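Scroll down for the structure; my scribbles are underneath it.
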Amino acid sequence: MDELSPHPLVARARRLAADLLLPEAERVDREGVPASHIEAVKRSGLLGVAAPAGYGGSGAPPAVQRETAEILAGACCATWFVQTQHHTPVQTLARGEAPVRDRLLGPLSRGELLSGVAYAHLRSYPRRPVRVRRQGDGWRFDGTVPWYTGWGLNDVMLLAGATDAGEVVFAFAEARAQPGLRASPPMRLAALTAACTVSLELDGLWLPADAVALHTSYEEWAAGDRVKTLHTSPAVFGVAEAALSLLDAEAAAPLRARLTTVRDRAYALAGLPAREERTEERLAVRAAAHEVLRAATTAAVVAGGGRALALTSRAQRLAREGLFLLVQGQTAQSRAAHLRMLGAACAPEDRR
């Protein structure tokens, strides 16, 4: 992108990062993402980066979506993680024709509402942590959502469950305690505790038919999801770049060259048609990106010395965020590929 004339959303992301997110990041890491941060993100228009212009969004190209994600994640990964959940519900509604689209796509696209997601558990199928079945003129949800991010910050959530017949149902619910829905206390995690993650207990949560955004076979949904999880999150590059900014030019140069090479490969692959092609290459690039991130955050800690272990240090926060990104969006397939790469790197020279 032309640095002299960035896309308006890129410029807004940079201002938000410089003026608010970065200066407050260590405090947020300790105390939690405040509602004021979410209101600032809403006002910025960034929640509509991937939303259709006809509903008040920006419909920005993928390059802009990736760049704004890098900027936000590099400044405050917890705030980025809360707001990034929002884009899947927006894109789900934009692709469908469900009645709920007319009710929610506009407010979500304009940033009037913030949505969370509760669907990653579908990746454990045929296990069904959340079961769904028809009840009257709606759907009943039962089970446990192991991870839900943004509790207390989100306005609505996109909740998914699987039926006995091997179908998946995605429906919108208010993101609050209600009959049939109870949240755990916020989880204490090694990284991104600030993102307000809980588990959700569902005991007969009933949602009307007009709350359903997607109803399809598990196989059809999973085919698209598998491709999405092959890609490297832009947050990996954003946090790595933030870590490199803590090094002097000489120490940063070789790591930045590696980062640039891997980023270019990752984004080129992400721009290919959404099919399960070049899977091994995509997984290898994803793993390579995480290795650059590990090296960059480790270098930041080394450069900071003992001071880097203080909770007020940016270096330790970035290192812990790197740990989080290792498993964020992870699947059995990506886990196996990364472990193979780590094992190969430790193999004796005569066995490579």
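Heavy-atom basis, side chains included; hydrogens, waters and symmetry copies ignored. Bear in mind the structure is a predicted one, so any value in this text is a computation, not a measurement.
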- Item | Residues in ring-ring contact (aromatic ring centres under 6.0 Å, His included) contact with W206, at least two apart in sequence or another chain |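 Partners of W206 by the ring-ring contact (aromatic ring centres under 6.0 Å, His included) criterion come out as none, since no residue qualifies.
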
- Task: Just jot down the ring-ring contact (aromatic ring centres under 6.0 Å, His included) partners of F324, sequence neighbours excluded, or say none.
- Result: F81

Quick one: does any side-chain atom of [X] pair with a main-chain N or O of [Y] as donor and acceptor, under 3.5 Å?
X	Y	result
T88	Q85	no
D248	E250	yes
R282	H231	no
S233	A235	yes
S313	L309	no
S245	A242	yes
H7	A60	no
H86	L114	no

ILVMFWY network linking [X] to [Y], side-chain heavy atoms under 4.5 angstrom:
X	Y	value
V130	W221	no
L108	V82	no
L214	L105	yes
M157	V132	yes
V168	Y119	yes

So that I can tick it off, tell me whether [Y] and [X] are bridged by a salt bridge, with the cut-off set at under 4.0 angstrom between side-chain N and carboxylate O.
X	Y	value
E281	R286	no
R14	E67	yes
R128	D142	no
D164	R131	no

Looking only at heavy atoms, what is the nearest atom pair of [X] and [Y], with distance?
X	Y	result
L283	S334	CD2-CA, 3.7 Å
C77	L192	O-CD2, 4.0 Å
L9	S44	CD2-O, 4.1 Å
G161	F141	N-CE2, 3.8 Å
P146	H121	CD-CB, 3.9 Å
V198	A183	CG2-CB, 4.1 Å

- Do F170 and V212 pass the side chain to side chain contact (heavy atoms under 4.5 Å, CB included) test, and can you show the C-alpha distance, the side-chain angles, and the key distance before you say yes or no? CA-CA 6 Å; F170 287 71; V212 173; over 6 Å; no

So do the side chains of [X] and [Y] get within less than 4.5 Å of each other, counting heavy atoms only?
X	Y	result
L326	L323	yes
Y267	P62	no
T312	R27	no
L259	E241	yes
L113	L104	yes

- Message: Go through it in stages, so that I can follow the logic: the residues are T149 and C196, the test is side chain to side chain contact (heavy atoms under 4.5 Å, CB included), and I'd like the CA-CA distance, side-chain angles, deciding distance and then a yes or no.
- Response: CA-CA 6 Å; T149 293; C196 307; over 6 Å; no

- Enumerate the residue pairs fulfilling side chain to side chain donor-acceptor pair (under 3.5 Å) with a member in residues 177-195, sequence neighbours excluded, ordered by first and then second residue. S184-S199

- Quick one: side chain to side chain donor-acceptor pair (under 3.5 Å) pairs with a partner in residues 314-327, sequence neighbours left out? E26-R317, D29-R320, Q316-R320, R317-E321

- Item | Test log, rule ring pair (Phe, Tyr, Trp, His ring centres under 6.0 Å), inputs W139 and H215 | CA-CA 11 Å; W139 296 87; H215 180 189; 5.1 Å; yes

- Query: P61: what forms a side-chain contact (heavy atoms from CB on, under 4.5 Å) with it, not counting sequence neighbours?
  - Reply: V64

- Quick one: sort the Y148 and W151 rings into parallel, tilted or perpendicular, breaks at 30° and 60°. perpendicular

- Parallel, tilted or perpendicular: ring planes of Y218 versus Y125, cut at 30 and 60 degrees: parallel

Between atom [atom1] of [X] and atom [atom2] of [Y], what is the distance when rounded to the nearest 0.5 Å?
X	Y	atom1	atom2	result
L72	T84	CG	OG1	9.0 Å
E291	L342	CD	CG	5.0 Å
D155	S115	CG	OG	8.5 Å
L200	L205	CG	CG	9.5 Å
T92	H87	OG1	NE2	12.5 Å
T261	R256	OG1	CZ	13.0 Å

- Query: Should V239 and E70 be marked as a side chain to side chain contact (heavy atoms under 4.5 Å, CB included) after you check the CA-CA gap, both sets of side-chain angles, and the distance that decides it?
  - Reply: CA-CA 7 Å; V239 172; E70 284 192 29; over 6 Å; no

- Is the number of heavy atoms from other residues, nucleotides or ligands under 6.0 Å of R307 CZ greater than 12? no

- Residues F172, L159; criterion side chain to side chain contact (heavy atoms under 4.5 Å, CB included); working and verdict: CA-CA 6 Å; F172 280 92; L159 170 66; over 6 Å; no

- Task: Under the side-chain hydrogen bond (donor to acceptor under 3.5 Å, both in side chains) rule, what do E220 and T216 come out as? Steps first, then yes or no, please.
- Result: CA-CA 7 Å; E220 183 174 349; T216 188; 2.9 Å; yes

Show every donor-acceptor pair shorter than 3.5 Å between a side-chain atom in residues 45-57 and any protein atom, with sequence neighbours excluded, or say none if there are none.
unit_1: Y55; atom_1: OH; unit_2: R101; atom_2: NE; d: 3.2

